[in-house]
Protein chains: 2
Amino acid sequence: MTVSRAINTPEKLNPETLTKVRQAIESLSYVPSLSARKIRGGHSSGKTIGVFALDTATTPFAVEMLLSVERTAREHGWNVFILNVFEIPLTPQTIELMLSHRPDGIVFSAMQLRELEIPPALRSKPLVLSNCMSTEPGVACYVPDDEDGQYQAVRQALQRGYRRPLCINLPRHSLAWKLRQQGLSRALAEAGITPESVRQYDLSTDDAYGETIAELERQLRESHGKPVFDLLVCGNDRIALVAYQYLLSRGLRIPADVAVLGYDNMVGIAELFYPPLSTVQLPYYELGRRATQHLIEERDEPFTHWVPCPVVDRQSW
Amino acid sequence: MTVSRAINTPEKLNPETLTKVRQAIESLSYVPSLSARKIRGGHSSGKTIGVFALDTATTPFAVEMLLSVERTAREHGWNVFILNVFEIPLTPQTIELMLSHRPDGIVFSAMQLRELEIPPALRSKPLVLSNCMSTEPGVACYVPDDEDGQYQAVRQALQRGYRRPLCINLPRHSLAWKLRQQGLSRALAEAGITPESVRQYDLSTDDAYGETIAELERQLRESHGKPVFDLLVCGNDRIALVAYQYLLSRGLRIPADVAVLGYDNMVGIAELFYPPLSTVQLPYYELGRRATQHLIEERDEPFTHWVPCPVVDRQSW
DNA sequence: CTGTTAGCGCATTCAG
DNA sequence: CTGAATGCGCTAACAG
């Protein structure tokens, strides 16, 4: 008991006793058992957040979101437990593993923005989604404000004088597609450009490679190598990467001949574009942070929270 | 007690009782508490591996290593707890947090190959390093066999007829530098090329951007745009990415004018090179898997285990 | 086959 | 200020 007090409420101990206990702790390198603390229920050792992480393998850039959950939680004295999952729906075993940790709150995070079904078993606890949305309403979720992100970016591009955009969009079925279109339209409208006049191509899958090149080739062929577009708006940085190489290899200069705008701001990659890529940042860190705070502060706002996507101003426009 | 048996040794129960218990479990959606199980010490619920993960923020590609730890452990009924760390040496708090989970074994993993000092407090438990090495001997570690990886790749390139390589290497102080040089020399020697005759440039920092372009520019200027090298051996895919864009923008064709060889095989990126990048794969998944098995099988082989780096044959050579 | 006892490590409560 | 009793959820060991 005295040891317990030495650790949790040292001020309640006689200084001499405290010193002695501390020496013992030191020499034995004693550390209290988290399991034993948790079992008692008295949350003196901090509560626990359980995190489901989807798509970590395929989209590692987004791990920032997990790091921010971990950081934010720890700053508030909470513990975090991350469970990587590779498929949805979650298997019963996976859910049980999560629940067996007795989390005080659950974060469901997807590295790739998606909509998904939340198993009822999870709704018994405080739950928040990060970078994903629930098919059913009544669940708090934090997602990138793609509408505004795309709007801001295109608006800035337009302000710089570009007038003839070509868009290579994410697949139409993706959650972001519609939002981005709205943002684009809003910016276009403000500049007095009719949406119908802008060239658009929707990728059919997430694989950007072949189609991006094919579309660019088509556009360039039509105009004998001189692009009729002066701004290439890409659904993500991966598309932009492919486009860059293709454009560069055709002797086109970026941004002199054509400006390029990405989306995502892939950590450690976007800076390596030649020239460095102007893009819109997916706010992974913020997503994780806010979702975590939602849990910690026991907020009751079971709706969609839009997190701003800052425009990252580099040299491709 | 009967519930405990229903879960752990159902065959010891009367089928009727079992059914009843299971119904109760179902209707209450009861899941045993991991903490309570762990506290008892009897490892009926599986042991626990604690993982320190360093550099996760800056090098997210390597998360595969963490996923394989998680998978491998789970396949063997072990639990995993990952603790991301952002700096070394580890702070006492971080170490305590790890220890408070009472792990049965510890994996120290670095996303970026490095050498580091292991705090004595950790050596009290079974310990294994993944993608990093200890400054002191006597610690088991699993690291990429960069010597052989570089050797294999250059050998294959030489077999394809390339004869005048230019190497843009990792910084000289990096752990991989020497190994790669040895592999390179071995391949060169086999082909009868003297190491002195090959052009080499060592990056001064991990930031590839400026120096890579400057070096390429220098080389091309010397020879009036016609490269005297027919093979560009890059210390990593990021260097290759920068080089690609520069070469392409100078009207050079890959691999017709110059072949490019990367290193790392960055997931989701190397495929997007135009043309797709031939590179050497850093075996993150294997690193994690073997390190984990080392712990699970309680191996006693406290030395460096070299894990092969497969050559990934794409279209840049 | 099922139930009882006991104890894992900790912290709340109450006694000294 | 310090200690003893108690119970958290679970299961090994033993009793019925």
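Each chain gets a letter, A, B and so on, in the order its sequence line appears, and its residues count up from 1.
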Checklist line | d(NZ, A:K38; P, C:dA11) in whole Å | finding: 14 Å
Next item on the list: Mind running a 4.0 Å heavy-atom check of residues 18-27 of chain A against DNA chain D and sending the residues that fall below it, in number order?
Entry: none
Next item on the list: Any pair with a residue in residues 136-146 of chain B that passes salt bridge (Lys or Arg N to Asp or Glu O under 4.0 Å), sequence neighbours left out, goes on the list, sorted by first then second residue, please.
Entry: B:D146-B:R180
Next item on the list: Using the salt bridge (Lys or Arg N to Asp or Glu O under 4.0 Å) rule, collect all pairs that involve residues 103-123 of chain B, keeping only residues at least two apart or in two chains.
Entry: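 Those involving residues 103-123 of chain B are B:D55-B:R114.
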Item checked: Test ring pair (Phe, Tyr, Trp, His ring centres under 6.0 Å) applied to B:F61 - qualifying residues, sequence neighbours left out -> A:F61
Item checked: With A:H305 via ring pair (Phe, Tyr, Trp, His ring centres under 6.0 Å) - residues at least two apart ->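 Result, ring pair (Phe, Tyr, Trp, His ring centres under 6.0 Å) vs A:H305: A:Y142, A:H294, A:F303.
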Margin query: Are more than 12 heavy atoms, taken from residues, nucleotides or ligands other than B:E298, located less than 6.0 Å from that residue's CD atom?
Written below: no
Check: How would you list, by chain and number, every residue that makes a side-chain hydrogen bond (donor to acceptor under 3.5 Å, both in side chains) with A:N131, sequence neighbours excluded?
Finding: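 Applying side-chain hydrogen bond (donor to acceptor under 3.5 Å, both in side chains) to A:N131 gives none.
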Next item on the list: Please list all pairs passing the ring pair (Phe, Tyr, Trp, His ring centres under 6.0 Å) test where one or both residues lie in residues 65-107 of chain B, with sequence neighbours left out.
Entry: B:F81-B:H101
Note to self: A:R71: which residues meet the salt bridge (Lys or Arg N to Asp or Glu O under 4.0 Å) condition with it, sequence neighbours left out?
What the structure shows: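 With sequence neighbours excluded, A:R71 shows a salt bridge (Lys or Arg N to Asp or Glu O under 4.0 Å) to no residue whatsoever.
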Note to self: Walk along nucleotides 8-16 of chain D from 5' to 3' and tag each nucleotide B, S or - by protein heavy-atom contact under 4.0 Å, base first, then sugar-phosphate.
What the structure shows: BBBBBB---
